[in-house]
Amino acid sequence: MNIVIVESPAKAKTINKYLGPSYEVLASFGHVRDLPAKNGSVDPDANFQMIWEVDPKAAGRLNDIARALKGADRLILATDPDREGEAISWHVLEVLKEKRALKDHKIERVVFNAITKQAVSEAMKHPRQIDGALVDAYMARRALDYLVGFTLSPVLWRKLPGARSAGRVQSVALRLVCDRELEIEKFVPREYWSLVATLTTPRGEAFEARLVGADGKKIQRLDIGTGAEAEDFKKAIEAANFTVSTVEAKPARRNPQAPFTTSTLQQEASRKLGFAPAHTMRIAQRLYEGIDIGGETTGLITYMRTDGVQIDNSAITQARKVIGEDYGNAYVPEAPRQYQTKAKNAQEAHEAIRPTDLSRRPSEMRRRLDTDQAKLYELIWIRTIASQMESAELERTTVDIAAKAGARVLDLRATGQVVKFDGFLALYQEGRDDDGDDEDARRLPAMSEGEALKRQDLSVTQHFTEPPPRFSEASLVKRMEELGIGRPSTYASILQVLKDRGYVKLEKKRLYGEDKGRVVIAFLENFFARYVEYDFTADLEGQLDRISNNEISWQQVLKDFWGDFIGAVNEIKDLRVTQVLDALDDMLGPHIYAPREDGGDPRQCPSCGTGKLNLKAGKFGAFVGCSNYPECRYTRPLAADSEASADRILGQDPETGLDVVVKAGRFGPYIQLGEPKNYAEGEKPKRAGIPKNMSPGDIDLDLALKLLSLPREIGKHPETGEPITAGLGRFGPFVRHEKTYASLEAGDEVFDVGLNRAVTLIAEKIAKGPSGRRFGADPGKPLGDHPTLGGVAVKNGRYGAYVTAGGVNATIPSDQTMDTITLPDAIALIDERVAKGGGKPKRGAKKAKAEKPAKANAAATTPKPAKKAAAKKPAAKPKSDAVSKARAPVAVTAKTSLAKPAAASKTPAKKSAGKARG
């Protein structure tokens, strides 16, 4: 028997069918080990010894693999063909060695670029060993991210209360967004004028020509700076006679773009389909893993994490055949097009993203795929076919026109373009990030030198220069790639982290730097400037590539980085918080203190009139306050024009006629239907929270009404007959069946997710563990959602029944029970508790902490009165300690040597610095 290890269960099932009964294919479900989220997991003083810990969820799967090996002869590691996939294979192998599950087994590593029977069968014929250099590069990257996260975050917490590190690479991406915000705020518009004449030929054909010179001097776009200058030129043109001076027509060729890499796919899907990079990668993963075709699951595209642009010769041959069949032989170039990868790391330069079988036209596949899958498949198919089509043949024409007005001669120019042969343009044209008018695309009428023209119209227009545009997700990915920041598998996760942490927001397809993100970047630029420099980060990525090429030692790269980095950290340890805030106050001045209309001091306190506004730090982050505190208690958010500062009526609910209003609440903005006066006494207005990463400005009436309609029933579960509902909670959109909650992936619309998809998500959630709950303790009976605090549940506590939401608990009155209390009643009780200044009751504080996975020190946050109750019963052992034996932490200095297992820490784990699989 041969045991094959892949990453996903869907892939395992498919490949098992390809290989037959002599193979058993098992899934690792991604990474099985990681660095424990606590100090000491990477030890710089011990040559960067690393302690790996088995994920509790993976322990059972690893045991299954170990048991399967007892009757097997060969272990085949077939995880994804990239650096992360190599690392997963290495981790699985190391754990199996620790379990002594490997005896005389033959161990092989195979990779395939597509999940098709042919690709998998071919890969099995060419096994190799695990690539140690790729594993080294993975370990170096993981150690770097860990060291930065666990070293820098505590500094931020101490020097800038309420702030969190964005991460090593994410911080640099965030700087791109924040620097663009600063450029926009500092931008000073410049006035300029343009003069465009509409002229006609003797045959009556009209076209436009722009003023480009006068009196022997060229006129650039910004040269006409005042209305007086424009008026002078206008008079001259109105009095002029027009003659064609020269007509120049030049042939041109436009070649097709190369097939998709990971970054170009994310960019184009964002431009053409409006997909977020993370959503694009999720759909691409499903297309890669495949669908059922003729009773056999087949992958539809090749591996989607790549920076390669070359494609297999067989695919090129097939593409040329499809082009000839669909467009004719004129569209097939004489020689196949070959694209070369400019990859710094040849080992990771996989084939471009393409369909596995180009004869599967998008029109045929549409009925087999959901809407988004069909759109992305079509985009990949079109780009691949277009990349092998004939070039477009163009003719670019430039006509210079002399306008004589007395002794003055003014120069006008018209440009245009004619497509002589459309070539690949018949199928595909790459999208653009800007929407500028392309004058060259206009077609000009036939003209000849010396021909007289007549003026039909003259347009004199005032313009003002505009600041550089904010990044879209596509243009940010493009810029990151240009600068060498990140790698194909990381772009989507980088953007997702920035949005999830509230450092940026996406509004009208543009990324805006949020206050908390700008404060973090200002801190890093002031005190850790080197580590958010674009060149430094790109150079570090280059060194990681050199490690994967086996050119340098991974420990040496870490030594070089760590020495300077820890020195920079130590230098600011003695800085006071006020010194940090003063530095940030100066840097963020243009953003925080907008110029006043009356020309007065923008830092003057609007409340007391004598104090000066300056940056302050509080428990929940930075804000602006008055220097006369505590006599003057004026405060405001960093941005003076915060959207959440005032209520806004969106319109009226067509069913009730009540106003739908966006309001500002203590816990953030929310939507409300009507006012209390519109409801019966004791009845609360209906409310709905605003989803994460959306601002009040994003909400229109239609979206608000949809949010107010949640939670909604999707349908009945086919097995239990109980309803499945979709809603929006504290942690994002979800579907719920009985006590099981399953998060909806980004892009899955909570308003239209179907029953089949919902049943699948519920089943997957149950399969991952015995509980669909977020916490280990009984979640109680869910009632629905609080407009701002998330899910509301009723629980039976030690002192009676209570309702809870977002950590706020409220006791149920004696005249109600767990079965009779309704959602409006529960919200009213919780709001009343908040109004009285209540948060988590003292009795429940310790319990609430214990219910969570060990991510924070419960003892440090437990109110003193709770200790008496705790004394009656021995305290539960911290989770990190209780499961330490099962997790088997292992200290590793290199992949070939294992140190003695480290002692289990009794300190509950801190929040992870974060790892992400893109």
Side-chain angles (χ1 to χ4, degrees), residues 1-32 58 60-62 64-69 71-82 84-93 96 101 105-131 281-306 312 314-315 350-351 353-357 360 368-369 373 377 760 763-764 767-768 917:
M1 178 63 71
N2 302 290
I3 303 300
V4 181
I5 308 301
V6 296
E7 291 183 43
S8 79
K11 195 191 299 184
K13 186 177 178 181
T14 301
I15 293 172
N16 224 141
K17 289 181 180 178
Y18 294 161
L19 297 178
S22 61
Y23 290 82
E24 183 178 359
V25 186
L26 301 172
S28 73
F29 288 79
H31 278 282
V32 298
R61 296 191 288 272
L62 290 166
D64 291 341
I65 294 171
R67 279 193 293 270
L69 282 169
D73 305 313
R74 186 166 54 149
L75 172 65
I76 302 170
L77 301 163
T79 48
D80 287 344
D82 59 3
E84 293 287 308
E86 205 75 20
I88 291 170
S89 285
W90 175 74
H91 277 304
V92 169
L93 185 60
L96 293 174
H105 297 83
K106 188 175 182 181
I107 299 166
E108 297 176 345
R109 170 84 169 109
V110 300
V111 294
F112 36 82
N113 196 42
I115 302 177
T116 63
K117 191 168 186 176
Q118 180 181 349
V120 172
S121 300
E122 190 65 25
M124 290 296 172
K125 297 175 185 177
H126 301 92
R128 59 171 174 81
Q129 296 302 305
I130 287 179
D131 190 320
M281 296 308 291
R282 271 191 293 272
I283 299 170
Q285 179 80 39
R286 292 175 192 164
L287 294 176
Y288 168 66
E289 292 183 350
I291 63 168
D292 186 279
I293 297 178
E296 186 175 273
T297 302
T298 303
L300 297 182
I301 63 170
T302 54
Y303 191 59
M304 64 283 163
R305 293 186 184 94
T306 176
D312 187 74
S314 62
H350 308 297
E351 191 180 356
I353 303 168
R354 62 168 177 85
T356 54
D357 185 348
R360 298 191 187 107
R368 299 177 180 268
L369 303 170
Q373 289 172 352
Y377 179 79
T760 301
E764 289 175 353
K768 288 180 180 178
R917 182 89 163 98

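- If you take CG on Leu300 and CD on Gln373, they are separated by 8.5 Å, rounding to the nearest 0.5 Å.
- When all heavy atoms of Ala72 and Ile3 are compared, the pair lying nearest together is CB-CG1, 3.5 Å.
- Applying the side-chain contact (heavy atoms from CB on, under 4.5 Å) test to Thr14 and every residue at least two apart in sequence or in another chain returns Tyr18, Ile115, Thr297.
- No salt bridge links Asp64 with Arg61; every basic N to acidic carboxylate O contact stays at or beyond 4.0 Å.
- Of the possible donor and acceptor atoms, one in the side chain of Asn2 sits under 3.5 Å from a partner among the backbone N and O of Ser22.
- From Ile107, atom CD1 reaches atom CG of Leu93 across 5.0 Å, with rounding to the nearest 0.5 Å.
- In this structure, Asp80 and Lys11 have side chains that are in contact, with non-hydrogen atoms separated by less than 4.5 Å.
- Here CG of Leu369 is found 8.5 Å from OH of Tyr377. Values are rounded to the nearest 0.5 Å.
- Distance OG1/Thr356 to OH/Tyr288: 11.0 Å, rounded to 0.5 Å.
- Annotation: the span from Thr116 atom OG1 to Glu122 atom CD amounts to 10.0 Å, rounded to 0.5 Å.
- Counting only heavy atoms from C-beta outward, the side chains of His31 and Glu84 approach each other to under 4.5 Å.
- Between Glu7 and Gly85 the shortest heavy-atom distance is OE2-CA, 3.8 Å.
- Here the side chains of Thr79 and Glu86 are not in contact, with every heavy-atom distance at 4.5 Å or above.
- A heavy-atom distance below 4.5 Å is found between the side chains of Met124 and Val4.
- The two residues Ile301 and Ala284 have their closest heavy-atom pair at CD1-O, 3.5 Å.
- The distance from atom OG1 of Thr306 to atom CE of Met304, rounded to the nearest 0.5 Å, is 11.0 Å.
- Between Thr298 and Arg360 there is a side-chain heavy-atom pair separated by less than 4.5 Å.
- In this structure the side chain of Arg128 reaches within 4.5 angstrom of the side chain of Arg109, judged on heavy atoms.
- A heavy-atom distance below 4.5 Å is not found between the side chains of Thr302 and Asp312.
- Heavy-atom minimum distance, Val6 versus Ala78: CG1-O, 3.7 Å.
- The shortest side-chain heavy-atom distance between Arg305 and Met281 falls under the 4.5 Å cut-off.
- For the residue pair Gln285 and Glu289, a side-chain donor N or O sits within less than 3.5 Å of a side-chain acceptor on the partner.
- Across all their heavy atoms, Leu26 and Ala12 have their closest contact at C-CB, 4.3 Å.
- A distance-only check finds no donor-acceptor pair linking the side chain of Glu108 to the backbone of Arg74 [under 3.5 Å].
- The two atoms that bring Asp82 and Tyr303 nearest to each other are OD2-OH, 2.8 Å, heavy atoms only.
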